[in-house]
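Okay, structure first, notes after.
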Amino acid sequence: MPLFFAPRTPIKTDMRFLPGWLQRPPILAADAPKGPWGGSGDDPEDGPRNPWSVPPGGRKGTPKPTALDEFLRRARNAGGGGGGGPSLPTGANARALWLIGAGLIVAIWVIFTSFHQIGPQQRGIVSYFGRYSETLGPGIRATWPAPIATVTKVDVGQVRTDDFPKDGTGENLTLTGDQNIIDLAYSVRWNIENPRDYVFQLEEPATTVRDTAESAMRAVLATTTLTDAIGAGRTTIEARVQLAMQQILDDYKSGVRVQGVSIKQASAPAALIDDFNAVTAAQQEAVGNLNKARSYSQQIIALAQGEASAFDKQYEQYKLAPQVTRRRMYYETMEAVLAKADKTIVEPNGVTPYLPLDRARKVTEPEVAPAPPAPQPQGAQK
Amino acid sequence: MTQISWRNPIAIGFVALAAMILAAATFAVVPETRQAVVLRFENPMYTVNRWQPNEVFGRTGAGLILRVPFVDKIVWIDKRVLDVDLDNTLVLSTDQLRLNVDAFARFRIVDPLKAVISTGSTARTEEAVADQLRPLLGTALRNELGKVQFASLLSPERNRVMEAIQSSLDRNARRYGAEVIDVRIKHADLPDGSPLDSALARMRTARQQEANTIQAKGKRDAQIVRATADATAAQIYAQAFSKDADFYDFYRAMQSYRHTFGADGGPEPTGSTSLILSPNNAYLREFEGRGK
């Protein structure tokens, strides 16, 4: 019952009574038997009319007080009032307690609904009877109490992250512009830029952001090739999606700011992973082959240059003294060659027809090295 | 009597209750997010807080309104941007490709009275409008997407298709007092089963072809590099050696002997060497001292 009182009638009276009551709660307990109506005297018209001010027993004969008595007893019992007997002063006491209770509830109500603690990352949207009035910044802010003003707190600092696909696992197959299919995982970060629009413009802002992200991503991918989506084009795609999302959300006047889109994974569908890997392997192999060929090429050219310049150097000297150089080179070579070989010198004019070939060889090997033909340098004298 | 009843808590309660009921029936709070249609004995009288383009919050029709108690009835209609979702619609493009389309439309009720009258609904009118729009969205999607090739859905042309769908849906939505703000395709996927499988198979063969091409090209390039190197080397040799073919012959023979008999400092040749020399050999020419 007191709760029903709170929003209506007491609003004015309690505002008036409240400070006084708060000032003297102990006196109130002592005063209570007298009653605030009879004793206070600031409400003169109540005095004579007040049935409670009549001394007990004064109206015993009339039926009215009895009925009141009955009611007050019931009210006291229902309210849990700790009064004693059925006498009238205790009835007045119960009524006072009622008013105190109602007043307290109203006071608490007013305090709790008038002051709002707005965190540093929050904003408070204030509406008076439904009409938007202002946006509260951080701090403790006061407004009118609840039925008049309502405050909706919105967290503008927090950057929300939406993951696609939702649980972070599973395939999210998307068609690319060249009619290929890729498996895409991405996330969108956004926050509330304009809390007023965020609260008033969209029925389901969070779902809207999600739907928008999905649609923008697919729209962008529909104009991108598979190679771009999987490889180098990611950054461009991210930027384009962010731009497209922001534009759509601005069209809705959603008050949402898209902070960023990041593609976590853009790969071939699981069924095709092996085939995509085969392409990568082929690329590696091709590069490997080419590298080998290049190294061969370096080697062979360096060798040719080395040999050619060695020849050039020799030739320069040879040109200066052909005979001497030629003989010198011949002897040096023969020296080096013959020093390492077993040698047998045979008179050609047939004194020794028997060749002790097996003794001539130190190592028992089946093959016989053929006698080298005697070099016949041009110009050498016979 | 009245004075006594004024003191009576029950009476006070009743009076307060009555006052409250009367107040609740007289005053109504119109929030920024809602528009109201006031019906007097089911006869629409006026609308409150109707959506206007470019309005500023705080200067809208929202706030406390008065009505005739127990006579006027208020129908609440959402003023915000609302959502119609359409999941898994099968669409056939002109080239007979089937697509599974998830689409959504965002709309707003701009004429609440029309919305109430056209749907005949005085509770949850916006839902009734959404229910009306959903099949219309499906029809618009099928019609417009059925006019284009599958490939154009995957191209910048897609935007034009979406605009066509939006304007077609918007025309229909006006009859329900709604304005379609946006139509978008969330998903446009090949249906599971054979269409998806054949697309995957096509991608697979494309990958295989790519792999083979890359391999072959790699081999070709390597071969070209090798051949070029060989040619360059040959050119270098020829340039140097052709200065004196005779000396080259001698020079190369000397190199070759050294190598063959393991005297060039390289690895030892397999096989040992035994030489049987004639004293007439050029090397031994001086051996017999025949010069003197």
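Note that the structure is a prediction, hence the values are computed from the model and not measured.
If you measure heavy-atom distances from B:D78 to chain A, the contacts under 4.5 Å come from the side chain alone. Residue B:I185 touches chain A through its backbone alone, counting heavy-atom pairs closer than 4.5 Å. For B:A103, no part lies under 4.5 angstrom from a heavy atom of chain A. Both the backbone and the side chain of B:R204 come within less than 4.5 Å of a heavy atom in chain A. No part of B:R220 comes within reach of chain A, as not one of its non-hydrogen atoms sits under 4.5 angstrom from that chain. At a 4.5 Å heavy-atom cutoff, the contact between A:Q305 and chain B is made by backbone and side-chain atoms alike. If you measure heavy-atom distances from B:R252 to chain A, you find no contacts under 4.5 Å at all. Heavy atoms closer than 4.5 Å to chain B are found in both the backbone and the side chain of A:E332. Proximity to chain B (any heavy atom under 4.5 Å) is shown, for A:V287, by neither the backbone nor the side chain. With a threshold of 4.5 angstrom between heavy atoms, A:Y318 approaches chain B through side-chain atoms but not through N, CA, C or O. For A:T176, the part lying under 4.5 angstrom from a heavy atom of chain B is the backbone only. In this structure, the portion of A:L226 lying under 4.5 Å from any heavy atom of chain B is its side chain and not its backbone. Contacts between B:D85 and chain A at a heavy-atom distance below 4.5 Å involve the side chain alone, from C-beta outward. Using a 4.5 Å cut-off between heavy atoms, B:K243 contacts chain A through both its backbone and its side chain.
B:Y251 OH to A:Q314 CD: the interatomic distance, rounded to the nearest 0.5 Å, is 5.0 Å. From A:Y330, atom OH reaches atom OH of B:Y257 across 7.5 Å, with rounding to the nearest 0.5 Å. In this structure, the separation between OG1 on A:T333 and CZ on B:R258 is 4.5 Å, given to the nearest 0.5 Å. Note that the CD1 atom of A:I300 and the OG1 atom of B:T232 stand 10.0 Å from one another [nearest 0.5 Å].
Here B:E127 pairs with B:R124 under the salt bridge (Lys or Arg N to Asp or Glu O under 4.0 Å) rule; sequence neighbours left out. By the side-chain hydrogen bond (donor to acceptor under 3.5 Å, both in side chains) test, B:R184 is found to be paired with B:D182, residues two or more places apart in sequence or in another chain being considered.
Classification of B:R207 and A:D274 as a salt-bridged pair fails, no side-chain N sitting under 4.0 Å from a carboxylate O. Ion pair A:D251/B:R106 not flagged as a salt bridge, since none of the NZ, NE, NH1 or NH2 atoms sits closer than 4.0 Å to an Asp/Glu carboxylate oxygen. Electrostatic pairing of A:R218 and B:D102 does not count as a salt bridge here, judged by no charged N lying under 4.0 Å from a carboxylate O.
Ranked by heavy-atom pairs under 4.5 Å with chain B, the first of A:A286, A:S133, A:S215 is A:S215. Contacts with chain B were tallied for A:I301, A:L303, A:T212, A:T224; A:I301 has the most, counting heavy-atom pairs under 4.5 Å. In terms of non-hydrogen atom pairs under 4.5 Å with chain A, the most contact-rich of B:K79, B:Q209, B:E126, B:H187 is B:H187. Between chain A and the options B:A234, B:A240, B:G61, the largest number of non-hydrogen pairs under 4.5 Å is found for B:A240. Between chain B and the options A:N289, A:T223, A:V337, the largest number of non-hydrogen pairs under 4.5 Å is found for A:V337. Of all the listed residues (A:A281, A:S127, A:A219), the one sharing the greatest number of non-hydrogen pairs under 4.5 Å with chain B is A:A219. Ranked by heavy-atom pairs shorter than 4.5 Å toward chain A, the options B:I65, B:L82, B:I181 are led by B:L82. The candidate with the highest count of non-hydrogen atom pairs below 4.5 Å against chain B, out of A:I248, A:L173, A:T207, is A:I248.
Residues A:A293 and B:A222 share a closest heavy-atom pair of CB-O, 3.2 Å. The two atoms that bring A:L175 and B:L190 nearest to each other are CD2-CD1, 4.3 Å, heavy atoms only. Nearest heavy-atom pair across B:G218 and A:L290 is O-CD1, 4.5 Å. Residue A:Y252 comes nearest to B:F104 through the heavy atom pair OH-CE1, 3.9 Å, listed as atom of the first residue, atom of the second, then distance. The shortest heavy-atom contact between B:A211 and A:A282 is O-CB, 3.3 Å. Between B:E32 and A:Y132 the shortest heavy-atom distance is OE2-N, 2.6 Å.
At a threshold of 4.5 Å between non-hydrogen side-chain atoms, the residues B:L196 and A:I181 count as touching. Looking at A:Y128 and B:L64, their side chains never come closer than 4.5 Å, going by heavy atoms from C-beta outward. Contact annotation: the side chain of B:V81 never approaches that of A:T208 to less than 4.5 Å [non-hydrogen atoms, C-beta and beyond]. Within the 4.5 Å cutoff, the side chain of B:L200 has heavy atoms near those of the A:P269 side chain. Taking 4.5 Å as the limit, some side-chain heavy atom of A:Q179 sits within range of a side-chain heavy atom of B:R202. Side-chain contact check for A:M217 versus B:K186: every heavy-atom pair is 4.5 Å or farther apart.
Annotation: cation-pi pair B:R226/A:Y296 present, NZ/CZ under 6.0 Å from the ring centroid and within 45° of its normal. Annotation: cation-pi geometry not satisfied between B:R80 and A:F200 (NZ/CZ under 6.0 angstrom from ring centroid, within 45° of ring axis).
A 6.0 Å sphere centred on NZ of A:K292 holds no more than 12 heavy atoms belonging to other residues, nucleotides or ligands. A 6.0 Å sphere centred on CD of B:Q223 holds no more than 12 heavy atoms belonging to other residues, nucleotides or ligands.
Ring centers of A:F311 and B:F247: under 6.0 Å apart, within the cut-off.
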Inset, instruction - Before giving the answer on salt bridge (Lys or Arg N to Asp or Glu O under 4.0 Å), spell out for B:D221 and A:R294 the whole-Å C-alpha distance, their side-chain angles and the decisive distance to 0.1 Å. - result: CA-CA 10 Å; B:D221 291 348; A:R294 291 216 178 92; over 6 Å; no

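A:E307 and B:Y237 share a donor-acceptor pair across their side chains, judged by distance under 3.5 Å alone.
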